[in-house]
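Report on the structure given below.
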Amino acid sequence: MLDNTQVERLEAEAVNSAKVRQPMYAARKKIFPKRASGSFRRFKWLAMAVTLGIYYLTPWLRWDRGPFAPDQAVLLDVANRRFYFFFIEIWPQEFYYVAGLLVMAGVGLFLVTSTVGRAWCGYTCPQTVWVDLFLVVERAIEGDRNARMKLDAGPWTARKLALRISKHAIWLIIGAATGGAWIFYFADAPTLLVELFTGTAAPVAYITVAVLTATTYTFGGLMREQVCTYMCPWPRIQAAMLDESSLTVTYNDWRGEPRTRHTKKLQAAGQSVGDCVDCNACVAVCPMGIDIRDGQQLECITCALCIDACDGVMDKLGKERGLISYATLSDYNANMMLATAGGACSVDPSLVRTDDGLFSDRVAHFHVRKIFRPRTYVYMAMWSLIGLGLLFSLLTRDRLEINVLHDRNPQFVTLSDGSIRNGYTVKLLNMIPEPRTIVVSIGGLPGAEMSIVGVDLPADRSFAIRVEPDRLKMLKVFVRLPADQIHGAAQTFTLRVEDKASFESNQYTATFNAPEIAR
Ligand code: SF4
Ligand code: SF4
């Protein structure tokens, strides 16, 4: 037997041992993004105006569906279980259209990401758009980066208090408007607006507005980039969707390094210098507070504001734009190989230029044809096929339906004259916003007649039933078959519905049960 000291001790240490464990969450460092200007910033303004305009204005658009349906163009009518989208009305059993649209949105996101990286994050994600909006308010009240930093570091004065109260008050108003706009999608917007301000709206409306006000204010005003970095799964997923031909915001260190603020001095000393003058303009405008020169990072939402900032610097220096640019990994790698003589030396920007200072012909530049590759063709084909399938299904769908449920207990009743009676629950769906007279009739099953509970007419093979607009009508139907017409324990027949005015029809194949003895 060994004693304790004889047991071999292995030299091993847990990778997350208490000594070396990194905190999962780093305390937030305040970011004061500087206002950027340039083509990407203008595009972001446009994206912001369009997305916010759609969100806030859509519930106020009207769409005439006649006197029997709501006239709100986009409405999720939870009480009546209907979704209205302009000329389209979706019933609960047609929810697969919404599922199809979500699948299309997912495939579209794959397509966009594999092509132009996280464009969704940078331009249209609600978090990005609202943070941008909150920053507009912050800049308008507290000033640009330097003024905000100075105010933040300074003592609490009456001015600072007034500025901060104003900023947070406007943020809360934006939050309330955001929550308010959301609930307008679920009820008639003008009516609900009056109810909200007169205190007569349902409690759930006030609760929803309060919750969305709080989340918008917290996410857009207080947490900002932390939502993207810590809460959103998309930065983790996107890596799987990018390949070497995807465009991403890239610092082209093959022309930027070695960076220096003393270009002339170093050049005079015969040293090769890059185009980056280490001015940090790209860092100052970044809403995520990162330095793109450190390479691709999970935090980068590819908003391209650093491109605008750097292009502005390059313009002032009289150098080519694009030190930071949208570039593919394959182009970047090719240019790095060129600038490092195939990896034999550190970056030497003179290797990518000709003697007269222009870029060498061997420098790879992006061309739009690089976007079109098998992967994007597959995504485009999937997206189009789903879209065409949904469109075809939408244009050919039935607006008049019949559903039938056979009584289970008893399955049949033998009447005093020997005839057999079966009971059915029949649902007639009039899926248009107009009242209709629907003829319900029996097809097949010779000799059979039906009677409908509540319809005071003698038994017959067909009945005309009025169905209210956009409604389901439930009927209790009895079908009776004389004994001499029974040819089996289970005979099939059809229950057919037809609108004589529009010639729309539909039918359901049902079973008529009879006792074995009756055969
Ligand atoms: S690094 Fe550039 S693209 Fe990325 S988030 Fe910052 S400013 Fe936007
Ligand atoms: S803005 Fe351009 S030049 Fe200035 S530090 Fe960034 S990459 Fe270098």
Side-chain angles (χ1 to χ4, degrees), residues 29-45 47-48 112-113 116-125 127-132 135 139 144-145 223-230 232 234-235 238-239 242 246-264 266 273-329 332 335-336 339 347 349 352 366:
K29 286 186 187 153
K30 286 185 186 169
I31 299 170
F32 302 89
K34 185 173 161 51
R35 193 185 196 284
S37 57
S39 49
F40 287 105
R41 179 62 266 184
R42 283 195 293 278
F43 181 68
K44 271 176 73 70
W45 288 136
M48 184 203 237
V112 169
T113 306
V116 287
R118 289 171 64 186
W120 160 259
C121 300
Y123 302 101
T124 49
C125 168
Q127 174 65 16
T128 301
V129 172
W130 261 270
V131 168
D132 235 10
L135 275 171
R139 276 194 206 104
D144 207 355
R145 176 181 163 83
M223 293 182 68
R224 295 187 184 176
E225 76 288 346
Q226 291 188 302
V227 174
C228 309
T229 306
Y230 295 111
C232 180
W234 190 234
Q238 60 137 8
L242 301 176
S246 307
L247 278 173
T248 52
V249 175
T250 308
Y251 169 62
N252 295 307
D253 40 8
W254 51 267
R255 65 168 271 202
E257 300 295 320
R259 68 187 78 162
T260 177
R261 296 192 59 71
H262 309 288
T263 307
K264 284 188 182 151
L266 292 179
V273 294
D275 287 338
C276 177
V277 293
D278 206 13
C279 63
N280 282 339
C282 49
V283 184
V285 297
C286 179
M288 302 299 291
I290 60 171
D291 187 343
I292 190 67
R293 294 172 298 171
D294 293 339
Q296 297 294 326
Q297 292 152 75
L298 174 144
E299 292 88 349
C300 176
I301 56 171
T302 67
C303 65
L305 295 181
C306 52
I307 297 182
D308 278 344
C310 190
D311 279 351
V313 176
M314 292 298 112
D315 287 349
K316 284 180 197 154
L317 294 171
K319 296 181 178 178
E320 303 93 338
R321 290 181 160 204
L323 174 53
I324 302 174
S325 68
Y326 268 105
T328 65
L329 188 61
Y332 171 82
N335 292 336
M336 275 303 273
V347 172
V352 295
F366 173 73

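Each ligand, and each atom within it, is numbered from 1 in the order the structure gives. Keep in mind that this is a model prediction, so the values were computed, not measured.
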Only heavy atoms of Cys310, strictly under 4.0 Å: list the atoms of ligand 2 that pass. 1 (S), 2 (Fe), 7 (S)
Could you tell me, atom by atom, which parts of ligand 2 come under 4.0 Å of a heavy atom of Cys279? 1 (S), 3 (S), 4 (Fe), 5 (S)
For [X], atoms of ligand 1 separated by under 4.0 Å from a heavy atom:
X: Cys286; result: 1 (S), 5 (S), 6 (Fe), 7 (S)
X: Thr302; result: 3 (S), 4 (Fe)
X: Ala304; result: 3 (S), 8 (Fe)
X: Ile292; result: 1 (S)
X: Met288; result: 5 (S)

Side-chain donor/acceptor of [X] to backbone N/O of [Y], under 3.5 Å:
X: Asp308; Y: Arg41; result: yes
X: Asp144; Y: Arg35; result: yes
X: Arg261; Y: Val277; result: yes
X: Arg293; Y: Tyr251; result: no
X: Glu257; Y: Arg255; result: no
X: Thr113; Y: Gln238; result: no

Counting only heavy atoms closer than 4.0 Å, does ligand 2 sit against the backbone of Arg293, its side chain, both, or neither? side chain
Side chain, backbone, both or neither: which applies to Asp278 and ligand 2 if a contact is any heavy-atom pair less than 4.0 Å apart? backbone
Can you check which of Asn280, Val277, Asp253 brings a heavy atom nearest to atom 3 (S) of ligand 2? Val277
Min side-chain heavy-atom separation Thr248-Gln296 under 4.5 Å: yes
Would one find an N, O or S atom of Cys276, in either backbone or side chain, under 2.8 Å from atom 8 (Fe) of ligand 2? yes
For [atom], what's the nearest protein heavy-atom neighbour? Residue, atom name and distance, please.
atom: atom 5 (S) of ligand 1; value: Ile301 N, 3.5 Å
atom: atom 1 (S) of ligand 2; value: Cys282 N, 3.4 Å
atom: atom 4 (Fe) of ligand 1; value: Cys300 SG, 2.3 Å
atom: atom 8 (Fe) of ligand 1; value: Cys303 SG, 2.3 Å
atom: atom 2 (Fe) of ligand 1; value: Cys306 SG, 2.3 Å

Which of parallel (below 30°), tilted (30 to 60°) and perpendicular (above 60°) describes Phe43 and Tyr123? perpendicular
Salt-bridge contact Lys319-Asp275 (side-chain N to carboxylate O under 4.0 Å): yes
Under a 4.0 Å heavy-atom limit, does Ile307 contact ligand 1 with its side chain, its backbone, both, or neither? neither
Between Glu299 and Thr229 the two heavy atoms that sit nearest each other are CG-OG1, 3.7 Å
Residue pair Asp253 / Tyr332, side-chain donor-acceptor N/O under 3.5 Å: yes
